[in-house]
Protein chains: 2
Amino acid sequence: MDDVEVMAGMFRLMGDPTRLRILLACLDAPQSVGAIAAATGASQSLVSHHLRLLRAARLVAGTREARQVFYVAADDHVRDVLRNLMHHAAEERRST
Amino acid sequence: MDDVEVMAGMFRLMGDPTRLRILLACLDAPQSVGAIAAATGASQSLVSHHLRLLRAARLVAGTREARQVFYVAADDHVRDVLRNLMHHAAEERRST
DNA sequence: CCAACATATGAACAGATGTTCATGCTATTC
DNA sequence: GAATAGCATGAACATCTGTTCATATGTTGG
């Protein structure tokens, strides 16, 4: 798999609204699965499914703490990409 | 449509390998549809279909010049996002 | 105007993707 | 150690998406 496909894979993961909300929910601080489900309004099962994909692509990292598992955005690249396109989206809204 | 869905829409567009190659092909300088097709190895028809989506989302801008139409990445946000995740992908490869 | 060239569009199809429902697994508390 | 809380997993399904093939649209040169 070449770089382009790796990149595309990451973008595709961020390209689903539910998954994007999950990512944004744990952008700044680790959040438990339950908290993410509550924050995003998605079912626990769905959140878990998505987290698995995000974890497999190393976009988030999860650590177990007693019964709960806390997930957080993997690194600064991910955070930067999200913040960057957030600005772009904001500008799009303003100009249309 | 809220910001998250706008963002997700853009990410989804970048999340297809063919479309990502098209975007990368016209990242730095405007390229004709034919040139993009040649550079990416995709058919003219397919490239045109994808360019329509990218144009609709304002990720690229196209200007007609005689018989050809030249497309280029819309702005610096788009370029930054792509370059940023390229670095991320490169690091991923190195560390696995 | 006609022929050619470059790009755009439409229909149709196979394969991928997000979601739900039900169930399994791990860790804790009593 | 049974019961419960929190999370993960599997199957199944409807929908969406990328691609191809054929054809239309627009543009330039003779």
Side-chain angles (χ1 to χ4, degrees), chain A residues 1-2 4-26 29-73, chain B residues 1-2 4-26 29-73:
Chain A
M1 198 160 74
D2 61 354
V4 172
E5 304 214 358
V6 174
M7 284 182 67
M10 293 182 176
F11 279 132
R12 187 164 40 75
L13 287 174
M14 303 191 229
D16 175 71
T18 304
R19 228 149 33 204
L20 185 52
R21 287 197 186 88
I22 292 175
L23 270 172
L24 294 173
C26 61
Q31 302 287 335
S32 74
V33 176
I36 294 175
T40 60
S43 75
Q44 180 269 314
S45 171
L46 183 54
V47 170
S48 197
H49 275 297
H50 283 312
L51 281 172
R52 182 153 65 126
L53 299 176
L54 293 171
R55 184 161 24 101
R58 307 216 192 188
L59 289 179
V60 301
T63 58
R64 178 138 228 157
E65 208 140 318
R67 300 194 225 193
Q68 311 189 11
V69 180
F70 289 83
Y71 286 91
V72 67
Chain B
M1 197 160 75
D2 61 353
V4 172
E5 305 213 0
V6 174
M7 283 183 66
M10 293 182 177
F11 279 132
R12 188 164 41 75
L13 286 173
M14 305 191 228
D16 176 70
T18 304
R19 233 154 23 210
L20 185 53
R21 287 196 185 89
I22 291 174
L23 270 172
L24 293 174
C26 60
Q31 301 287 336
S32 75
V33 176
I36 294 174
T40 60
S43 76
Q44 180 268 315
S45 172
L46 183 55
V47 170
S48 196
H49 275 298
H50 283 312
L51 281 173
R52 182 152 68 126
L53 299 176
L54 294 171
R55 184 160 23 103
R58 306 214 191 190
L59 290 179
V60 301
T63 58
R64 178 138 227 158
E65 208 141 319
R67 299 194 225 190
Q68 311 189 10
V69 179
F70 289 83
Y71 286 91
V72 67

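Numbered from 1 within each chain, the chains take letters A, B, ... in sequence-line order.
- The distance from atom CG of Leu46(A) to atom P of dT17(C) is 15 Å, rounded to the nearest whole Å.
- Atom CZ in Arg12(B) sits roughly 17 Å away from atom P in dT15(D) (whole-Å rounding).
- Regarding Arg64(A), its CZ atom lies at a distance of 7 Å from the C1' atom of dG6(D), rounded to whole Å.
- Scanning atom types as modelled, one donor and one acceptor separated by under 3.5 angstrom connect the side chain of Gln44(B) and the base of dA8(C).
- Rounded to a whole Å, the CG atom of Leu13(A) is 9 Å from the P atom of dT17(C).
- The closest side-chain heavy-atom distance from Gln31(B) to Gln68(B) is not below 4.5 Å.
- Nucleic acid contact for Phe70(B): none, since no nucleic acid atom lies under 4.0 Å from a heavy atom of the residue.
- The distance between atom CD of Glu65(A) and atom P of dT28(C), rounded to the nearest whole Å, is 11 Å.
- Between Arg67(B) atom CZ and dT25(D) atom C1' the separation is 14 Å, expressed in whole Å.
- For Ser32(B), no side-chain nitrogen or oxygen approaches OP1 or OP2 of dA6(C) to under 4.0 Å.
- One can place NE2 of His50(B) at 17 Å from P of dG10(C), the figure rounded to the nearest angstrom.
- For Ser45(A) against dT9(D), a side-chain N or O and a base N or O form a donor-acceptor pair under 3.5 Å.
- For the pair Arg19(B) (side chain) and Arg12(B) (backbone), a donor-acceptor distance under 3.5 Å is present.
- Among all heavy-atom pairs drawn from Ala8(B) and Leu20(A), the shortest one is N-CD2, 3.5 Å.
- The two residues Val47(B) and Ala42(B) come nearest to each other via the heavy atoms CG2-CB, 3.8 Å.
- Remark on DNA chain C: of its neighbouring residues Asp16(A) and Arg52(B), the 5'-side contact belongs to Arg52(B), judged by nearest-heavy-atom nucleotide.
- The CD1 atom of Ile36(A) sits 9 Å away from the P atom of dA8(D) (whole-angstrom rounding).
- Out of dT20(C), dA8(C), dA8(D), the shortest distance to the side chain of Ser43(A) is found at dT20(C).
- Across all non-hydrogen atoms, the minimal contact from Phe70(A) to Ser32(A) is CD2-N, 3.5 Å.
- The side chain of His49(B) lies closest to dC21(D), out of dG18(D), dT7(C), dC21(D).
- At the phosphate of dA8(D), OP1 or OP2 sits under 4.0 Å from a side-chain N or O atom of Tyr71(A).
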